[in-house]
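Comments concern the structure below.
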Amino acid sequence: MTSLEKCDPQVAAILASEVKRQSETLDLISSGNHCRGPVMEAMGSVLTDKYAEGYPHRRYYCGNENTDAVEQLCIDRAKALFGADHANVQPHSGTSANLAVYMACLKPGAKIMGMNLAHGGHLSHGMHLNISGMVYKTAHYGVDPKTERLDMDEIRRMALAERPARLIAGASAYPRTIDFGAFGEIAREAGCMLMCDIAHIAGLVAAGEHPDPVPHSDFVTTTNHKTLRGPRGGIILCRAKYAEAVDRAVFPGIQGGPLEHVIAAKAVSLAEAMHPAFKTYAKAIRSNATALAEAMLALGWRLVSGGTDNHLMLVDLHSRYPNLNGAEASTRLSKAALVVNSNPIPFDPTSISKWSGIRLGTPAVTTRGLGAGHMKQIAGWIDRVLAPNNTETTIAAVRAEVIDLCRLHPVPNSSY
Ligand code: DSN
């Protein structure tokens with residue numbers, strides 16, 4: 001019996017239930033992943049007990065020799081992995097990282113210009129209900145209605161007309177390569193700073209599977225827990241000249257004490273991302289996404305922009321079943337042990353509860369060791385479950401097949 005089971009059987013039972021849920025489902029959420037045992041070990045460590053407001057060797061508390069060492073290691077690894085001048089590894093999340101980067105050099109009321117959330121952007125890029133959309137003036141670019149891809153000429157035209165103080169590149173539901181070089185040129189022409197949010201694609205960038213934003217950007221933000229396969233949290237990378245402003249914006253600007261146990265886990269995952277095996281993993285994320293997209297297309301589903309270049313795709317449900325919405329599709333798939341999220345597609349004619357898309361991603365299933373053949377199998381399962389005339393028996397049959405596959409590919413918890 002573990003000490004948790006002994007001390008708090010209720011929480012222990014919930015955790016056990018989550019272990020079972022993860023073991024017996026396939027996570028196809030494009031921002032999901034399974035971090036590995038060493039990352040978990042660092043996160044569940046004694047460092048959670050230590051207050052460490054400040055930065056390495058500049059703390060407001062004594063007794064920080066070990067937190068200094070771990071945070072400095074994490075900073076050095078982040079800089080080395082991404083080739084950045086400066087890294088701040090304290091943000092508690094990607095949204096916190098973005099907020100700190102706005103605060104670092106923008107006054108309230110300045111204008112930011114990012115991708116429209118409804119076209120695949122992120123809420124922290126100026127959505128009206130997010131603090132970024134309340135404190136700053138916003139302008140949003142979207143995708144081209146025909147190609148459903150970013151149109152860099154249109155973004156340039158808009159940036160020159162809007163003259164934002166900060167241009168934001170990055171997305172949470174965009175299946176194509178982002179041309180960070182073109183964003184850099186536009187930012188220079190429009191006389192503004194460029195921030196690239198690579199939360200979704202950080203693992204691909206680290207492994208050279210997506211073009212690198214760092215040489216083109218003033219700031220790069222990311223989460224750790226998506227393709228990068230670390231603990232939940234955020235990181236900011238920036239040019240040397242912004243280092244002080246960024247550090248001040250994170251602490252004392254928007255946060256107090258850093259989560260040094262999470263920072264230790266970030267350090268572990270960054271070392272994993274430097275390992276040659278991570279390159280193989282990142283490549284497999286993309287080849288699996290391509291295989292899944294091709295299998296969905298072959299079954300007659302329309303994908304936004306016609307496919308994928310990265311780890312995710314958006315399925316237009318109406319292309320097969322005009323009455324099927326994302327909420328119903330994701331609920332049905334969930335019953336079949338396939339976990340996805342409902343998502344708007346660009347120019348979605350429907351409302352939030354009835355979005356006409358689902359978003360599929362391959363980071364987590366690739367971590368479990370699935371390959372292209374399995375992607376075809378997954379597409380077949382999705383197709384069966386979403387057919388309008390299917391029954392609970394069909395869903396139960398698919399669920400049993402999914403669980404059989406899950407047993408063959410357990411959630412990994414060991415090191416390389
Ligand atoms: N970035 C969101 C997602 O893609 O799921 C979470 O904020």
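Quick note: residue numbers are just sequence positions, from 1. Whatever order the structure lists ligands and atoms in, that order sets their numbers, starting from 1.
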Counting C-beta onward and ignoring hydrogens, is there a side-chain heavy-atom pair between Ile29 and Arg359 closer than 4.5 Å? yes
Ranked by distance from atom 1 (N) of ligand 1, the top protein heavy atom is His122 CD2, 3.4 Å
I need the contact type for Arg359 against ligand 1. Using non-hydrogen atoms and a strict under-4.0 Å cut-off, is it side chain, backbone, both or neither? side chain
Which pairs, with at least one residue in residues 177-189 and sequence neighbours excluded, count as a side-chain hydrogen bond (donor to acceptor under 3.5 Å, both in side chains)? Arg156-Glu189, Thr177-Asp309
For Ser31, take its heavy atoms, then give the atoms of ligand 1 lying under 4.0 Å from any of them. 3 (C), 4 (O), 5 (O)
Take the angle between the ring planes of His311 and His200 and call it parallel below 30°, perpendicular above 60°, tilted in between. tilted
Should you measure from each heavy atom of Ser172, which atoms of ligand 1 turn up under 4.0 Å away? 1 (N), 4 (O)
Just checking, any donor-acceptor pair under 3.5 angstrom between side chains of Tyr141 and Asn116? no
Taking 4.0 angstrom as the limit and counting only heavy atoms of Lys226, give me the atoms of ligand 1 inside it, by number and element. 1 (N)
Specify whether His409 and His374 have parallel, tilted or perpendicular ring planes, treating 30° as the upper limit for parallel and 60° as the lower limit for perpendicular. perpendicular
I need the atoms of ligand 1 closer than 4.0 Å to a non-hydrogen atom of His200, numbered in the order shown. 1 (N), 3 (C), 4 (O)
